[in-house]
Amino acid sequence: MSEYTEKDCAHMARALQLAERGRYTAHPNPVVGCVLVKDDTVVGEGWHERTGEAHAEVNALEVAGDRARGSIVYVTLEPCAHHGRTPPCTVALIDAGVREVIAAMQDPNADVAGRGLRFLADAGIEVRTGLMQNAAADLNPGFLKRVAAKLPFVRLKLASSIDGCIAMTSGESQWITGPEARADVQRLRARSGAVMTGIGTVLADDPSLNVRAADIDTRGLQPIRVVLDSQLRMPLAAGMLALPGTTLVCCIGNPDTKPLQDANAEVMSFAAVDGHVDTHEVLLELAGRGVNEVLVEAGPGLAGHLLERDQVDELVIYQAPHIMGSQTMRLVETPSWSSLADRKELNITDVRRVGNDMRITATPKRQDEC
């Protein structure tokens with residue numbers, strides 16, 4: 001018999017819903033939700049709204065006020081026990097006199113990693129963990145990967161016709177998918193700490209790579225725009241350089257970077273792999289900057305490069321309901337794949353309609369699954 005009741009599950013499910021409200025504003029911190037219950041009545045709710053501001057537990061305690069004393073706390077991630085930009089949540093919970101804390105999962109961050117739960121237990125508060133743990137982990141794939149592997153979660157966005165084409169051979173490509181799919185991509189950008197593309201896409205399309213949807217409140221946060229540009233061909237007049245936020249241009253060697261820096265770009269040199277920027281090094285750099293999730297919006301060359309090197313954690317593929325035929329460009333370029341055995345097998349995790357298009361979400365199968 002489970003140690004958790006249906007009411008416990010319902011309250012944690014609500015905490016998971018609340019956590020999602022911080023999706024576009026909390027990063028690089030994890031999204032966290034919290035519910036306080038006393039005598040079977042919810043007395044406080046909160047979520048982590050923005051980095052540097054109060055955590056979910058503190059916001060819920062503020063709503064509850066004196067009713068927090070003797071309450072049960074349902075929180076999607078272990079409360080912090082260290083001083084960061086805000087005071088420890090464990091102290092706030094102890095001072096409020098809560099009776100029990102049920103955390104969906106332990107925080108993998110070395111600054112917490114069980115310390116918060118031990119601190120609460122030492123203060124006489126009952127603690128339990130593990131309720132809806134998988135759902136809680138799914139909320140923060142990037143944060144968990146960055147803490148564990150020092151790398152961000154890489155999400156590759158692809159868009160094609162139903163026969164797998166992204167453009168005509170002439171380069172004509174706008175628009176393959178409909179407005180609803182393009183709006184959906186804005187949400188992917190808004191949840192990402194960085195959006196990455198290749199210089200070929202910049203030269204062909206002059207993309208902005210920013211969040212510009214009126215219905216998405218990012219509180220001014222914009223992802224870092226990352227351009228992989230081995231030979232430093234980035235145009236000084238590129239539209240993204242005139243936008244607020246950081247544009248990071250990644251090159252190899254020691255070219256003259258001053259013109260681009262004067263044009264509002266940050267330029268960094270990385271090691272080369274087969275004449276291209278070492279994407280592993282770039283991802284390490286982004287993780288070091290606190291980037292949890294990277295959205296890749298690129299042409300078939302960079303998309304294939306990342307797939308060949310097993311650097312993609314998730315694919316989001318938009319398929320438009322039309323056939324473009326043979327005078328076209330394919331979805332990815334993978335020159336190292338020469339036989340059927342080289343193919344990348346996927347686990348499809350979600351399929352849904354977005355406007356008139358289909359959106360397929362999938363994860364690459366691990367080698368032991370294939």
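None of these values were measured; they are calculated from a predicted model.
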Query raised in the report: Hey, is CG on Asp66 packed in by over 12 heavy atoms from elsewhere, all under 6.0 Å?
Result: no
Query raised in the report: Going hydrophobic residue to hydrophobic residue with side-chain gaps under 4.5 angstrom, can you get from Trp47 over to Met105?
Result: no
Query - Glu285 side chain near Met268 side chain, heavy-atom distance below 4.5 Å - result: yes
Requested in this report: Begin with the C-alpha distance, continue with both residues' side-chain angles, and end with the deciding distance and a verdict on salt bridge (Lys or Arg N to Asp or Glu O under 4.0 Å) for Asp107 and Arg115.
Outcome: CA-CA 9 Å; Asp107 193 328; Arg115 288 178 54 207; over 6 Å; no
Requested in this report: Identify whether Ile102 and Val58 are in the same connected component of the hydrophobic contact network (ILVMFWY, side-chain heavy atoms under 4.5 Å).
Outcome: no
Query raised in the report: Does a side chain donor of either Thr41 or Asp39 reach within less than 3.5 Å of an acceptor in the other side chain?
Result: no
Query - From Asn59, Leu16, Leu77, residue fulfilling side-chain contact (heavy atoms from CB on, under 4.5 Å) relative to Val32 - result: Leu77
Query raised in the report: Can you check whether Arg118 reaches Val127 side chain to side chain, under 4.5 Å on heavy atoms?
Result: no
Report task. Please answer: with hydrophobic residues joined when any side-chain heavy atoms are less than 4.5 Å apart, are Val249 and Leu203 in the same cluster? Result -> yes
Report task. With Met196 as reference, evaluate Val291, Val154, Leu283 under the side-chain contact (heavy atoms from CB on, under 4.5 Å) test and give the passing residue. Result -> Leu283
Query raised in the report: Are the side chain of Asn347 and the backbone of Thr349 linked by a donor-acceptor contact shorter than 3.5 Å?
Result: no
Query raised in the report: Can you check whether Arg343 reaches Trp337 side chain to side chain, under 4.5 Å on heavy atoms?
Result: no
Report summary line: Between the CD atom in Glu49 and the NE2 atom in His55, the distance rounded to the nearest 0.5 Å is 12.0 Å
Query raised in the report: Closest heavy-atom contact between Cys34 and Glu57?
Result: SG-CA, 3.9 Å
Report task. Could you grab the distance from atom CD1 of Ile166 to atom CG of Leu331, nearest 0.5 Å is fine? Result -> 6.5 Å
**Report entry** Closest non-hydrogen atom pair between Val63 and Glu45, with its separation
**Finding:** CG2-O, 3.6 Å
Query - Heavy-atom pair of closest approach, residues His27 and Asn292 - result: CB-ND2, 4.3 Å
Query raised in the report: Going through the checks in order, is the side chain to side chain contact (heavy atoms under 4.5 Å, CB included) test met by Leu144 and Phe153?
Result: CA-CA 9 Å; Leu144 297 180; Phe153 185 91; over 6 Å; no
Query raised in the report: Between Asp206 and Gly239, is there a donor-acceptor pair closer than 3.5 Å when you use the side chain of the first and the backbone of the second?
Result: yes
Query raised in the report: Between OG1 of Thr334 and NZ of Lys344, what distance do you get to the nearest 0.5 Å?
Result: 10.0 Å
Report task. For the pair Asn264 (side chain) and Ala242 (backbone), establish whether a donor and an acceptor sit closer than 3.5 Å, ignoring hydrogens and angles. Result -> no
Query raised in the report: Going by the side-chain hydrogen bond (donor to acceptor under 3.5 Å, both in side chains) test, which pairs reach into residues 311-321, not counting sequence neighbours?
Result: Lys145-Asp313, Arg155-Glu314, Asp184-Tyr318, Thr279-Gln311
**Report entry** Results of side chain to side chain contact (heavy atoms under 4.5 Å, CB included) for Ala272 - residues two or more places apart only
**Finding:** Ile252
Query raised in the report: Does Asn210 reach the main-chain N or O of Met240 with its side chain, forming a donor-acceptor pair under 3.5 Å?
Result: no
Report task. Step by step, work out the side chain to side chain contact (heavy atoms under 4.5 Å, CB included) result for Leu18 and Val35. Result -> CA-CA 9 Å; Leu18 291 168; Val35 174; 3.7 Å; yes
Query raised in the report: Quick one: does Arg219's side chain have a donor or acceptor within less than 3.5 Å of a partner on Thr25's backbone?
Result: no
Report task. With rounding to the nearest 0.5 Å, note down the distance linking SG in Cys251 to NE2 in His276. Result -> 14.5 Å
Report task. Locate the shortest heavy-atom distance separating Ala19 from Thr76; write the atom from each residue and the value. Result -> CB-OG1, 4.3 Å
Requested in this report: Can you establish whether the number of heavy atoms outside Ile323 located under 6.0 Å from its atom CD1 is more than 12?
Outcome: no
Query raised in the report: Any chain of hydrophobic side-chain contacts (each under 4.5 Å) joining Leu236 to Leu209?
Result: yes
Query raised in the report: Can you find a pair of side-chain heavy atoms, one from Glu297 and one from Thr201, that are under 4.5 Å apart?
Result: no
Query raised in the report: Given side chains that start at C-beta, do those of Pro235 and Val202 come closer than 4.5 Å, heavy atoms only?
Result: yes
Requested in this report: Kindly say whether Ala26 contributes a backbone atom to a donor-acceptor pair with the side chain of Thr51 at under 3.5 angstrom?
Outcome: yes
Query raised in the report: So, do Leu243 and Arg225 sit near enough that their side-chain heavy atoms are less than 4.5 Å apart?
Result: yes
Query raised in the report: How close do Arg189 and Val195 get, heavy atom to heavy atom, and via which atoms?
Result: CG-CG2, 4.1 Å
Query raised in the report: Hey, mind stepping through Thr129 and Glu78 against side chain to side chain contact (heavy atoms under 4.5 Å, CB included) and telling me if it holds?
Result: CA-CA 8 Å; Thr129 186; Glu78 176 185 1; over 6 Å; no
**Report entry** Donor on one side chain, acceptor on other, Tyr24 and Asp217, under 3.5 Å
**Finding:** no
Requested in this report: Please lay out, stage by stage, how Glu20 and Arg23 fare under the test side chain to side chain contact (heavy atoms under 4.5 Å, CB included).
Outcome: CA-CA 5 Å; Glu20 276 290 349; Arg23 175 61 64 199; 3.0 Å; yes
Query raised in the report: When Asn29 is tested against each of Glu53, Arg50, His48 for side chain to side chain donor-acceptor pair (under 3.5 Å), which residue passes?
Result: His48
Query raised in the report: Transitively linked via ILVMFWY side-chain contacts under 4.5 Å: Ile162 with Leu346?
Result: no
Query raised in the report: Are Glu180 and Asn356 side-chain neighbours, meaning at least one heavy-atom pair lies under 4.5 Å?
Result: no
Query raised in the report: Does the Asn140 side chain pair with the main chain of Pro30, one donor and one acceptor, at a distance under 3.5 Å?
Result: no
Query raised in the report: Are more than 12 heavy atoms from other residues, nucleotides or ligands located less than 6.0 Å from atom CG of Asn134?
Result: no
Report task. First locate atom CZ of Arg187, then atom CZ of Arg191, and finally report the distance between them rounded to the nearest 0.5 Å. Result -> 12.0 Å
**Report entry** Closest approach of Ile199 to Arg233 (non-hydrogen atoms, all atoms of both residues)
**Finding:** CG2-NH2, 3.4 Å
Report task. Could you tell me whether a side-chain N or O of Asp357 sits under 3.5 Å from a main-chain N or O of Gly178, the two making a donor and an acceptor? Result -> yes
Query raised in the report: Do any pairs count as a side-chain hydrogen bond (donor to acceptor under 3.5 Å, both in side chains) and have a residue in residues 93-105, sequence neighbours left out, and if so which ones?
Result: Glu100-Arg128
Query raised in the report: Does CD in Glu126 sit with more than 12 non-hydrogen atoms of other residues, nucleotides or ligands closer than 6.0 Å?
Result: yes
Report task. Side-chain contact test, heavy atoms from C-beta onward, threshold under 4.5 Å: evaluate it for Val42 versus Arg14 and give yes or no. Result -> no
**Report entry** Donor-acceptor contact below 3.5 Å, side chain Asn109 vs main chain Val147
**Finding:** no
Query raised in the report: Between the main-chain N or O of Thr328 and the side-chain N or O of Thr169, is there a donor-acceptor pair closer than 3.5 Å?
Result: no
Requested in this report: Nearest 0.5 Å please: distance from the CZ atom of Arg146 over to the CG atom of Leu284.
Outcome: 12.5 Å
